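As the structure lists them, so they are numbered: ligands from 1, and atoms in each ligand from 1. Only a predicted model underlies this, so the values are computations on that prediction, with no experimental measurement involved. Index from 1, following the sequence.
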Amino acid sequence: MSTRLEQPTAVQTEVTPSIWDYSPAPESVKVAIEPRYDLFIGGKFVAPKSKKYFASINPANEQTLCELAEAGEKDVDAAVQAARTAQPKWAALKPAERAKFMFRIARRIQERARELAVLETMDGGKPIAESRDIDIPLAAQHFFYHAGWCDKLAYAFTGSGGKGIKASGHQGIKGSKTRNSELGTFPLPVGVCGQIIPWNFPLLMAAWKLAPALACGNTCVLKPAETTSLTALRLAEIFQEIDLPPGVVNIITGAGATGQALVNHDDVDKIAFTGSTEVGKRIAQACAPTDKKLTLELGGKSPNIIFEDASIDQAIEGIIQGIYFNQGHVCCAGSRLFVQESILDEVIEKLTHRMKNLRVGDPLDKNTDVGAINSKAQLATIHKYLEAGSREGAALHETNGSALPSKGYWCRPCFFTGVQPSHMVAREEIFGPVLAVMSFRTPEEAITRANNTPYGLAAGVWSDKGSKIFAIARQLKAGVVWCNTYNKFDAASPFGGFKESGFGREGGLQGLRAYVNI
Ligand code: NDP
């Protein structure tokens, strides 16, 4: 029986079978998955002291992939101790030596890219084309990029001082005119970092967290999300292959309680968290009375603004990418669409046409555009919003296209029109393939309405006029503003939010700041 929940009555668009329909293109690589995975602590896989395991499910067919160890408080403690023991030696390595380890990790990710992509898709439900072309290459890129920073940290943070550089392994750059001591910075590692990541980009989020921390001489305890731990555990195998010193990275699987134990551990110097605003607030409260450093990358309800002078066809692709990429499980998803009133009908017509051509189904098929929803719980959350949208008076538009698989968690891409700013679908993060379409008349109105949210993670602006783009972008309260594009990521570009979307940046020079004490 399908676990697809009943949706409210919707404006449905028939999908006409095309004479150019795609043939199935299933991924041919088979990935071996062990029946059971232990915790990765001190460079070894060890059974949990808790003696507990939980099942990891493939959301596209509801089959159990394997069992994962559930780290209890004693396991968290063992992982933190391993990281603490390893930290001084890791920090004292010559920066170029640290960089060599990181380059090796990046290269092994590239060499094992196809296996990692297939595993990511089986574990999380995202289309293989996205795992293969976005998640895994970007994960490798983050290690490459940050490897380059290892021996340049003193140049990244200029200021006063000087002698602390040696303690973090920075010996100066031979042949360089400017000596580190002249630059006078003290970029010391923070120590042991507890890092908690979500299920939407599992390996990529692991790379976002680990790479800057390691580059700066820190050691890490990483907690992946309960539903998507498999690629992090493959990464642990890569650490063994490249002889990363034991304890430099420890990976502890488990649910929220494991994350909470890590946050509350006395010997953790820094917490980096990506996930919901609700849990982020709880973590902020837990860290407030301590001297732990904290960065939070939380939710979003990002506006995508289309002006009448934009290239409409190009903007439609950006809207589609912005909301339906990764089933909408994206913190910076362009989930609120603001369209200038004069082009509203045209945009809705083109959006409907483009949406009905999206292929929903088997994530391991290379032609699939929209894969499975990550978990049964997330599907129920999305349906709660679909019901609320219709109940509050908005009109739901969805395709009633080809049949969905009989097992697994599925939601067809859809959008709401007739949305009021007070509607739940306009205010709250849905984290699914659901777009709220609204209109505006003037640029001032667009800015006011775009900023009318407790979040501030990202935004998109579409216009033919460069000056208008720059003027609007400056007034949007968002950490990232994409212009005539959407969802472009690069390791060199800082990412992070304003307001309830969190604080701190990840990526780029700015992302290193959270991992050093100056
Ligand atoms: P959570 O915020 O609960 O999960 C994120 C990570 O935090 C996971 O590893 C989770 O573990 C862990 N965690 C949960 N509770 C605690 C705690 N008390 N202390 C420390 N760590 C904890 O997100 P959900 O998976 O529950 O998703 C709920 C909603 O959050 C989504 O519908 C979406 O709106 C939003 N979300 C936003 C993300 C973003 O990037 N902005 C990412 C993920 C979700 P585990 O998963 O194992 O329980």
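Phe273 CE1, 3.1 Å is the protein heavy atom nearest to atom 7 (O) of ligand 1. The protein heavy atom nearest to atom 33 (C) of ligand 1 is Phe431 CG, 3.4 Å. With hydrogens left out, the protein atom closest to atom 8 (C) of ligand 1 is Ile197 O, 3.5 Å, a heavy atom.
Here Asp269 pairs with Arg84 in a salt bridge; the nearest charged N to carboxylate O distance falls below 4.0 Å. Under the 4.0 Å criterion applied to side-chain N and carboxylate O atoms, Glu120 and Arg132 are not assigned as salt-bridge partners. Between Glu428 and Lys384 no salt bridge is recorded (no basic side-chain N to carboxylate O distance below 4.0 Å).
Residue Ala257 places every heavy atom at 4.0 Å or more from ligand 1.
Considering backbone and side-chain atoms together, Glu429 places an N or O closer than 3.5 Å to an N or O of ligand 1. Any N or O atom pair closer than 3.5 Å counts here, and Gly256 shares at least one such pair with ligand 1. Among the atoms of Lys223, some N or O lies under 3.5 angstrom from an N or O of ligand 1.
Contact atoms of ligand 1 toward Pro198: 42 (C), 43 (C) (distance under 4.0 Å to a heavy atom of the residue). Heavy-atom contacts of Gly299 reach the following atoms of ligand 1: 41 (N) (cutoff under 4.0 Å). The atoms of ligand 1 that sit less than 4.0 Å from any heavy atom of Cys331 are 39 (C), 40 (O), 41 (N). Close approach of ligand 1 to Trp199 is summarised as follows: ligand atoms under 4.0 Å from at least one heavy atom of the residue are 24 (P), 25 (O), 27 (O).
Residue contacts with ligand 1, taken as heavy atom pairs separated by less than 4.0 Å, involve Leu298 solely via the backbone atoms N, CA, C and O. Residue contacts with ligand 1 for Gln378 involve side-chain atoms from C-beta outward but no N, CA, C or O (heavy atoms, distance under 4.0 Å). Contacts between Thr277 and ligand 1 below 4.0 angstrom, taking non-hydrogen atoms only, are absent altogether. Under 4.0 Å from ligand 1, the heavy atoms of Arg282 that appear belong solely to its side chain.
Under the 6.0 Å distance and 45° angle rule, Arg449 does not count as a cation-pi partner of Phe440.
By the 6.0 Å contact criterion, CD on Glu73 is open, its count of non-hydrogen atoms from other residues, nucleotides or ligands being 12 or less.
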